[in-house]
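Comments concern the structure below.
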Amino acid sequence: MEHPSGNTQRGVTVAARIGYTAKGVVYLLIGGLAAMAAFGLGGQRGGASEAITHMAAQPMGTTLLVFLAVGLICYTAWRLIQAVLDSENKGNGAKGLLMRAGFVISGLSYAALAWRCISLLMHSSSDSSSTPQRTAMVMQHEGGLIAIGLVGIIIALVGVAQFRRAIKRSYRAHWHTEDMPAHQLKWAEGIARWGLSARGLVFLMIGGFLCLAALQTDPSEAKGLGGALTTLAQQPFGPWLLLVVALGLVAYGVYCFVNARYRDTNA
């Protein structure tokens, strides 16, 4: 009879792998739709919620919604395990606790996406408010401006961390690289660095927009992922710039698939 802890670890591993796969699908949707929009081939410049809504209207959309709902719940559980059990060995110092809190926040954001999938399955008109609308609601409360500013700073720091991870290749520490053929590892690294850099750029932009909204007391300045992609498209050589970033988000989705297969999930 297998020891209970072995069964628990197996369950954690399965949840993490399903979760990373679902997260990868979300980023494939976001990046793929944005790449299509770059040259007027349909698609859209939107965030995760918009991408999921778009997918729901496609053939087999209901099946994919069920998978994403389950997968994103699994990813939420994995993030909470990382935070509570400190599976990443971040420690109990100030920096470690801050990073573990980040796991919780990340998990809750994907829980919200899972709820979006469930709402679509139930044909419910759940909250689909925009980033400026949500920002305005927070600003109405005492300390709201400070809260928006702090959130903006945190998101921008997450963006910096993505760039740092791409440059230092720290993601390798979490991969079972001994199980990866040399040519596969080389491709996986290139995809990871491109994906992390693209995600880092859009997170920096989102964080900057939120800080600007707080400084100017203007919620209309706040923009989510869709707003960041639209801003890129409005720059000189915008379609090409958007295409590079959009394909980078697709690469981040593939990076999630690599994590689903090779990431250390020991809790």
Side-chain angles (χ1 to χ4, degrees), residues 16 19-32 34-35 45-48 51 72 75-76 78-79 82-83 87-90 95-96 98-110 112-113 131 150-175 177 185 187-212 222-232 235 241-260 262-264:
Y20 278 118
T21 302
K23 182 181 178 183
V25 170
V26 170
Y27 271 91
L28 284 184
L29 287 169
I30 295 170
R45 298 187 296 264
L72 293 171
Y75 188 74
T76 299
W78 166 239
R79 279 309 211 188
Q82 286 178 299
S87 61
E88 306 291 309
N89 297 314
K90 300 301 182 184
K95 181 180 178 181
L98 184 62
M99 296 184 75
R100 290 165 69 179
F103 293 149
V104 174
I105 294 170
S106 172
L108 293 177
S109 69
Y110 285 99
L113 282 182
T131 299
L150 287 175
V151 170
I153 291 170
I154 290 171
I155 292 176
L157 288 175
V158 170
V160 172
Q162 301 294 294
F163 280 115
R164 186 172 181 269
R165 190 178 303 169
I167 294 169
K168 301 189 72 173
R169 302 189 301 171
S170 57
Y171 50 81
R172 284 177 56 107
H174 301 296
W175 285 352
T177 53
L185 177 59
W187 276 100
E189 286 221 67
I191 288 169
R193 299 180 83 177
W194 186 5
L196 287 165
S197 297
R199 192 170 186 249
L201 175 61
V202 295
F203 270 52
L204 274 173
M205 292 179 68
I206 294 168
F209 290 140
L210 286 172
C211 289
L212 185 62
K223 296 180 177 66
L225 179 52
L229 294 175
T230 298
T231 300
L232 287 172
Q235 305 309 306
L241 181 59
L242 176 61
L243 181 64
V244 169
V245 174
L247 293 179
L249 295 176
V250 170
Y252 186 82
V254 177
Y255 163 68
C256 291
F257 295 153
V258 176
N259 280 331
Y262 292 108
R263 200 184 197 284
D264 179 15

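Hydrogens, waters and symmetry mates are skipped; everything else that's a heavy atom, side chains included, is used. From a predicted model like this one, the values you see are computed outputs, not experimental measurements.
- At a threshold of 4.5 Å between non-hydrogen side-chain atoms, the residues Trp175 and Leu185 count as touching.
- Rounding to the nearest 0.5 angstrom, the gap separating the OH atom in Tyr75 from the OG1 atom in Thr21 is 11.5 Å.
- Atoms CD and OG, from Gln82 and Ser87 in turn, are 4.5 Å apart once rounded to the nearest 0.5 Å.
- Within the 4.5 Å cutoff, the side chain of Val258 has no heavy atoms near those of the Ile191 side chain.
- Annotation: side chain of Arg263 is in contact with side chain of Trp78 (closest heavy-atom distance under 4.5 Å).
- Results of the side chain to side chain contact (heavy atoms under 4.5 Å, CB included) test with Tyr252 over Leu196, Val202, Ile30, Leu247 single out Leu196 as the only residue that passes.
- Annotation: the span from Thr231 atom OG1 to Lys223 atom NZ amounts to 5.0 Å, rounded to 0.5 Å.
- Contact check for His174 versus Asn259: no side-chain heavy atoms found under the 4.5 Å cut-off.
- Of all heavy-atom pairs spanning Gly46 and Leu229, the tightest one is O-CD1, 3.9 Å.
- For the atom pair CG (Leu113) and OH (Tyr110), the distance works out to 7.0 Å, reported to the nearest 0.5 Å.
- At distances below 3.5 Å, not a single donor-acceptor pair connects side-chain atoms of Thr76 with backbone N or O atoms of Leu108.
- Scanning for salt bridge (Lys or Arg N to Asp or Glu O under 4.0 Å) contacts around Arg164 gives an empty result, with sequence neighbours left out.
- When all heavy atoms of Ala246 and Ala35 are compared, the closest pair comes out as CB-N, 3.5 Å.
- Using a 4.5 Å cut-off on side-chain heavy atoms (C-beta onward), Leu201 and Phe163 make contact.
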Check the pair Tyr27, Tyr255 against side chain to side chain contact (heavy atoms under 4.5 Å, CB included), reporting the backbone distance first and the verdict last. CA-CA 10 Å; Tyr27 271 91; Tyr255 163 68; over 6 Å; no
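- Between Ala166 and Arg193 the shortest heavy-atom distance is O-NE, 2.8 Å.
- Rounding to the nearest 0.5 Å places CG of Leu232 at 10.0 Å from CZ of Arg45.
- When all heavy atoms of Ala83 and Val104 are compared, the pair lying nearest together is CB-CG2, 3.5 Å.
- Here the SG-CG distance, from Cys211 to Leu150, works out to 8.5 Å after rounding to the nearest 0.5 Å.
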